[in-house]
Every structure is written in C-alpha cells, then in structure tokens.
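In this text the structure is predicted, and so the values were computed from the model without any measurement. Just so we're on the same page: letters track the sequence lines, and every chain starts at 1.
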Amino acid sequence: MTLLPTTYINQIGQHVGATVTLAGWVYNKTEKGKLVFIQLRDGTGTIQCVVFRKNVSEEVFAAAKSLTQESSVRITGGVRADERAPSGYEIDVTAVEPVHVAEEYPITPKEHGTEFLMEHRHLHVRSAKQHALLRIRAEVIAAAEGFLNDNDFIRYDTPILTPVAAEGTTNLFATQYFDLGTAYLAQTGQLYVESGMMSFGKVYCFGPTFRAEQSKTRRHLTEFWMIEPEMAFADQDDNMVLQENFVSAIVQRVLARRSADLATLDRDVTALANVKPPFPRISYDEAVERINAAAATGTTVQPDDKPLPAIMWGEDFGSPHETFLAAQFDRPVFVVNYPTAVKAFYMQPVDGRPEVVHCADLLAPEGYGEIIGGSQRIHDMQLLEARIREHGLNPEHYRWYLDLRRYGTVPHSGFGMGIERCTAWIAGTHHIRDTIAFPRQLYRIYP
RNA sequence: UCCCCGAUAGCUCAAUGGUAGAGCACGCGGCUGUUAACCGCGGUGUUCCAGGUUCGAGUCCUGGUCGGGGAGCCA
C-alpha cells in the first residue's frame, strides 16, 4: 500500500505514452461542456489534466466536475505531448479520486491587495510566484551552505537566547529567562561564532536573527535569516575575496538550477550573469567624494527621483546614498574602510589611520541595499577591552569574548549575509517580505 | 519614532453632500480545446470605530483603530 504518486509533474516528460497517477491540488479548473480541464499542482510543477466525458464513466466525470480550486486529488491517466497544453504535456484522465473537496478558496487567480495576501500568507505560498520565490530562497541557502562546506567551513550554530546585546547598538526583543533575568533574542551570532573560529579555523553559523527596530521599508524584517562565516588567520582582503567568491557561487548556482523559477518571476537574468569575481572596491573616502560630486549637480536617485543629499565625512550612508553608489556598477560593490565612529566596537582599525576600520559593506545592484556587512575583528585584547569601555559597554559581559584574545589570539575576519536581501536581489522581487514564508514586520505577527 | 497615503460586497474597486454600484469569485444552465475561457440567469453591505456639522454624510470636521509606502537603523 502506498499513497505516493507514481511520478511527479517535473518528471512527466519521461513518461510520455505511459499511464501515471499524480497526487496534488487543483490550481485551476475550467469546464467546457463535455470537457473538464484541471490544472494540477503537486509542488514540483503544474500540468493540465483533460477529462473527456466519452472516455470516462459518469462517476469519474462527475468527480472531476466536483473539484473546486485547491481541492486535493489523485488523478490517473495517460501522458501525452500536446502543443495546446501550457507545459507542452497533458494527462488524458481515466480516473479521478478526490481526497478533499476544498471549501471556497479565498485567493483567486485575480488580483489581491498586500494586506489580504499577508493575512492569508499560509495559503499564498501555494501561488506560482511565491512558490518560485521560496524555491529560489531554498536554492540560495543550499548554495551558501554548499559553498562553505566545500571550502572546509564547519557549521557552528550559535545561541538565539543571549544574556546581553551583542553589539550594544540596535534594539532587541526581550524575554524573561526563568530566575536569571532578562534574555534577548540574538541580533547576530558573530561574537559566538568567533569562538568556533578559534576552535575549527573556519566556521559559519546560520539561523534566524532578530531586530526590534521599527523599520517599515521593503528591505527590513524584524526576524530574518543570516549566514555568518568567520575565518582565522584572515585579514580584510582575504575576507573580501571569500565574499566575492561566495556571492558569485550562489548567483551562478541559482542561474543554473532555478532558471524556470526566475522566468516565472520575469527576472532579467542578464544582469546576474555579470556577477563573477572580482567585485569593484571603493573606499568610504571615495564614496563620499562621488556622492558629493553627484549631489552638487542635482543628481536624483531611483525609485522616486528625489535629489541625492550631500554627506559630511564621518556620517554613515543613507539608503539613497547606497542606491546611488550601487547603481554605478554592474555587479555588487564593496565600500571599504568606514569611519570607526559609525561602526561596531570590535572592528580592527587601519594602521596609521585610526579614524577608519578594516570593514566592508557589499551593496547589491538595483537598489537592494547592503546584502553583506563584514570586517576584520580586533585581535588584541587590550585594544578590544578599551573599545568596549569607549562604547559604554560592560567588560564583564564580554569576559568570555575577551578570553578568545587571551588564549592564542589571531587576526581573523568574517561577515554576515542576509538571506532575504540576497534572495530578493537575485529573484528581482520588489519586497523582501516575499522571500520568507512568514515575514515578521512591525505590524504583522499573524499568521 | 517621524513624514505621506488608504479603509465601501468574499476579492479588486466605483459612487458633485441627495435611492449603495460594477467586474471577479460563488451557484445553476449551455458549449469537445480551455489558458485569468466565453454566453445566459441569480444575491450581496455595521460604507473601519466613536463623536460632530447638516433637512440629509460613504462623501465634510475632530479623535481613535487597523493597514500600506518611505525615512532613520541595519542584513
């Protein structure tokens, strides 16, 4: 006994002339007199199933007619190639076994608003474009982990419940942890992953991270997934070489394996084909000069063509600045050596220029913003402890972190890549919320 | 937190301060090639909530709720 189908829709081309049993859901149905057309979806694809009244019993024909949108069903029939079918193949149905005739389905093939779709997100994920996006997301993750595993990185997972704010910058979600006081949901695994780096040399963590910022933009989620490699005996140049190889490998694997999904999304893949090492590198100093030169001539920035604001050296970039900078290159661009004052406490200062640190943000093209932030970490214990104090942080909270510098410290570097931003860029989707099954946003926690 | 915008049928949206509407979805009927099918027939509402102005409010005013877009922050 088995309930499994004899094949899946994405394999249907190998079964032309044979009889198969498929199991799936009714994506759409239309009746035309003595014909019923069923678009059947099984998760791997969609195929047209044709029920001819004359070829089946009255019971089978009635069963076919009874199916509503998203009803679950097992369908048996012969596979044939037919130019009139959307996928080129169709099933000449001989048997229909409804598993469940669905109630009236709220999401129709017509247009819907964002709020309605987000309220029905648990059903929305069945739709073709969401399906393609989530499959690309899965491929991005598989490619990222595959690249790191192939390069001898060990997955080293870090805690989500943490006793203090790791970087002491953003707002965190707090929860009560038994009798031990307040715990916080991790905003990054970086500090912990550094301990694994000292153990294994090359490690990465991958998991959800949480930011309690009241961000309301198409680039932000309060819960998002980040992959954070960390490498011993590596300076910031080594770090950037790793990043450009990493990102290029992800993009090229998605292009190779998910072209059908990219086509479903109408993604222009010509821009992605350029994503190969090396990526351009510009310094923060040069970026400021470029921004101010452009701002002086009244340059405007997509998407709303507002004027590019000028910037003072020492200020962090705003979103329009990043969009402007990224638009000048045909692949992601590193902006390196930001002012020390605007970056986290653990970043290694540049020799002879203590006002800037060894770090880089990787800006994706087409307005998708920063997809990677990375740096060389301070490996000297005295300097690190001084920085912790300068930032108003309690060194006692970082005792274990300082220990890493006490016992065999080495120069090391690492970065974090946001899975959703990377996926949004590669898939070319407007809003980051579509790249995760259940987006958590300022005004959304359901479903 | 700040700025802008919105809320009317299950959905997407109309409606000079004067009878609450359409398309889709859904139901029934028709059609042997539909691709968001088409044709005919069918019913539908706390106009987000609470006040106010007015002979009369979906429409104007005040406050609130919920949501969307952006800023800042960042992945």
Side-chain angles (χ1 to χ4, degrees), chain A residues 27-39 46-55 61 65 68-69 82-88 90 92 102-120 127-128 167 169-172 187-190 206-228 301 303-304 306 309 315-323 342-344 361-364 367-374 415-425 430-433 435-436 441-444 446:
Chain A
Y27 197 67
N28 207 353
K29 185 192 76 172
T30 183
E31 297 177 38
K32 196 177 186 315
K34 298 182 174 61
L35 279 171
V36 177
F37 294 96
I38 297 163
Q39 305 301 330
T46 305
I47 192 164
Q48 175 160 284
C49 304
V50 188
V51 189
F52 285 80
R53 186 170 216 160
K54 281 188 177 174
N55 293 357
F61 195 72
K65 286 181 70 167
T68 55
Q69 188 186 356
D82 193 311
E83 288 180 353
R84 295 169 294 185
S87 70
E90 65 182 21
D92 183 14
E103 296 178 25
E104 184 177 338
Y105 193 66
I107 301 178
T108 68
K110 293 283 184 175
E111 59 191 322
H112 296 285
T114 300
E115 184 181 358
F116 178 81
L117 291 173
M118 284 297 132
E119 197 70 15
H120 296 84
S127 302
E167 297 188 3
T169 51
T170 58
N171 293 317
L172 304 184
Q187 68 182 125
T188 171
Q190 186 212 307
F206 176 51
T209 51
F210 305 88
R211 307 270 167 99
E213 296 295 333
Q214 299 194 309
S215 301
K216 254 173 81 84
T217 82
R218 64 191 182 94
R219 298 181 308 282
H220 289 87
L221 298 168
T222 57
E223 175 182 319
F224 66 96
W225 287 65
M226 187 155 64
I227 191 161
E228 296 177 272
V301 187
D304 44 12
K306 285 183 181 165
E315 292 179 321
D316 206 352
F317 300 131
S319 178
H321 301 126
E322 291 187 353
T323 302
V342 301
K343 287 293 180 182
D361 285 353
L362 184 66
L363 307 181
Y368 288 95
E370 181 185 346
I371 55 171
I372 284 181
F415 65 92
M417 186 184 79
I419 293 296
E420 291 80 13
R421 282 196 186 169
C422 182
T423 302
W425 162 54
H430 178 70
H431 203 298
I432 193 172
R433 67 176 160 230
T435 65
I436 186 166
Q441 298 179 272
L442 183 53
Y443 294 124
R444 181 151 299 282
Y446 178 91

When you look at D361(A) and I372(A), which way does the side-chain contact (heavy atoms from CB on, under 4.5 Å) test go after all the steps? CA-CA 6 Å; D361(A) 285 353; I372(A) 284 181; over 6 Å; no

Report the C-alpha separation of T435(A) and H431(A) in whole Å, then their side-chain angles, then the decisive distance to 0.1 Å, and conclude whether the side chain to side chain donor-acceptor pair (under 3.5 Å) test is met. CA-CA 8 Å; T435(A) 65; H431(A) 203 298; over 6 Å; no

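For U1(B), the paired base is A71(B) (Watson-Crick or G-U wobble, both distances below 3.5 Å). Of all nucleotides present, none satisfies the Watson-Crick or G-U wobble test against U19(B) with each distance under 3.5 Å. Across all strands shown, nothing is found opposite A14(B) as a Watson-Crick or G-U wobble partner with both distances under 3.5 Å. In this structure, U65(B) forms a base pair with A7(B), meeting either the Watson-Crick or the G-U wobble geometry with both donor-acceptor distances under 3.5 Å. In this structure U34(B) sits in no base pair that meets the Watson-Crick or G-U test at under 3.5 Å. The pairing partner recorded for G27(B) is C41(B), the criterion being a Watson-Crick or G-U wobble arrangement whose two distances lie under 3.5 angstrom.
The two atoms that bring L442(A) and S215(A) nearest to each other are CB-O, 4.0 Å, heavy atoms only. In terms of heavy atoms, E420(A) sits closest to F224(A) at OE1-CB, 3.3 Å.
Checking G68(B), U12(B), A25(B) against every side-chain atom of E104(A), the shortest atom distance belongs to A25(B). With distances taken from any side-chain atom of R211(A) to the nucleotides C74(B), C66(B), G69(B), the minimum falls on C74(B). For R219(A), whose side chain is taken as the heavy atoms from C-beta onward, the closest listed nucleotide among C73(B), G68(B), A25(B) is C73(B).
For H220(A) against C74(B), a side-chain N or O and a base N or O form a donor-acceptor pair under 3.5 Å. Looking at S215(A), its side chain has no donor and acceptor atom pair within 3.5 Å of the base of C74(B). Residue side chain R444(A) does not reach the base of C66(B) through any donor-acceptor N/O pair under 3.5 Å, judged by distance alone.
Between Y105(A) atom OH and C11(B) atom C1' there is a gap of 13 Å when expressed in whole angstrom units. What separates NE2 of H120(A) from P of G10(B) is a distance of 12 Å, to the nearest Å. Rounded to whole Å, atom C1' of C74(B) lies 19 Å from atom CH2 of W225(A). If you measure from atom CD of Q214(A) to atom C1' of G72(B), you get 11 Å, rounded to the nearest angstrom. Atom NE2 in H112(A) sits about 17 Å away from atom C1' in G68(B), given to the nearest Å. Taking atom CG of N171(A) as the reference point, atom C1' of C73(B) lies 9 Å away to the nearest angstrom. If you take CG of D316(A) and C1' of A71(B), they are 14 Å apart, rounded to a whole angstrom. In this structure, CD of E115(A) is placed 11 Å from P of G69(B), rounded to the nearest angstrom.
For A50(B) and C3(B), the P atoms lie 27 Å apart once the distance is rounded to whole Å. Comparing the P positions of C66(B) and G23(B) gives an interatomic distance of 35 Å, to the nearest angstrom. A71(B) and G27(B) have their C1' atoms separated by 49 Å, given to the nearest Å. Across G64(B) and C2(B), the matching P atoms stand 12 Å from one another, rounded to whole Å. Across U46(B) and G42(B), the matching P atoms stand 23 Å from one another, rounded to whole Å. Using atom P as the reference point in both A57(B) and G18(B), the two lie 11 Å apart (nearest Å). The P atoms of U12(B) and G52(B) are separated by 32 Å, rounded to the nearest whole Å. The gap from the C1' atom of U53(B) to that of U59(B) amounts to 13 Å, rounded to the nearest Å.
As judged by a 4.0 angstrom heavy-atom cut-off over every strand, I372(A) is placed among residues touching the sugar-phosphate backbone only. Nucleic acid contact for D361(A): none, since no nucleic acid atom lies under 4.0 Å from a heavy atom of the residue. Using a 4.0 Å heavy-atom cutoff across all strands shown, F224(A) reaches at least one base atom of the nucleic acid. S319(A) comes within 4.0 angstrom of sugar-phosphate atoms only, judged by non-hydrogen atoms across all strands, and of no base. Backbone-only engagement by M226(A) is indicated by non-hydrogen atom pairs under 4.0 Å involving sugar-phosphate atoms exclusively.
Residue Y443(A) qualifies as open at atom OH: its count of foreign heavy atoms under 6.0 Å is 12 or below.
Without hydrogens or angle criteria, H321(A) side chain to G318(A) main chain gives a donor-acceptor distance under 3.5 Å. One N or O on the side chain of R421(A) and one on the backbone of R219(A) form a donor-acceptor pair closer than 3.5 Å. Side-chain atoms of Q39(A) do not come within 3.5 Å of backbone N or O of P86(A) as any donor-acceptor pair. With hydrogens and angles ignored, the 3.5 Å screen pairs a side-chain donor or acceptor of Y27(A) with a backbone N or O of A128(A). In terms of modelled atom types and a separation under 3.5 Å, the side chain of Q441(A) and the main chain of L221(A) share no donor-acceptor contact.
Comparing Y443(A) and P106(A) by the nucleotide of RNA chain B that holds the closest heavy atom to each, the one mapping nearer the 5' end is P106(A). Between G318(A) and Q441(A), the residue anchored nearer the 5' end of RNA chain B, judged by the nucleotide with its closest heavy atom, is Q441(A).
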Polar pairs (N or O, both sides) under 3.5 Å between protein and nucleotides 30-34 of chain B?
{"unit_1": "C31(B)", "atom_1": "N3", "unit_2": "G33(A)", "atom_2": "N", "d": "3.3"}
{"unit_1": "C31(B)", "atom_1": "N4", "unit_2": "G33(A)", "atom_2": "N", "d": "3.2"}
{"unit_1": "U32(B)", "atom_1": "OP2", "unit_2": "K34(A)", "atom_2": "N", "d": "3.3"}
{"unit_1": "G33(B)", "atom_1": "OP1", "unit_2": "K32(A)", "atom_2": "NZ", "d": "3.4"}
{"unit_1": "G33(B)", "atom_1": "O6", "unit_2": "R80(A)", "atom_2": "NH2", "d": "3.3"}
{"unit_1": "G33(B)", "atom_1": "N1", "unit_2": "E90(A)", "atom_2": "OE1", "d": "3.4"}
{"unit_1": "G33(B)", "atom_1": "N1", "unit_2": "E90(A)", "atom_2": "OE2", "d": "3.0"}
{"unit_1": "G33(B)", "atom_1": "N2", "unit_2": "Q48(A)", "atom_2": "NE2", "d": "2.8"}
{"unit_1": "G33(B)", "atom_1": "N2", "unit_2": "E90(A)", "atom_2": "OE1", "d": "2.6"}
{"unit_1": "U34(B)", "atom_1": "N3", "unit_2": "Q48(A)", "atom_2": "OE1", "d": "2.7"}
{"unit_1": "U34(B)", "atom_1": "N3", "unit_2": "Q48(A)", "atom_2": "NE2", "d": "3.3"}
{"unit_1": "U34(B)", "atom_1": "O4", "unit_2": "Q48(A)", "atom_2": "OE1", "d": "3.2"}
{"unit_1": "U34(B)", "atom_1": "O4", "unit_2": "Q48(A)", "atom_2": "NE2", "d": "2.5"}
{"unit_1": "U34(B)", "atom_1": "O4", "unit_2": "R84(A)", "atom_2": "O", "d": "2.8"}

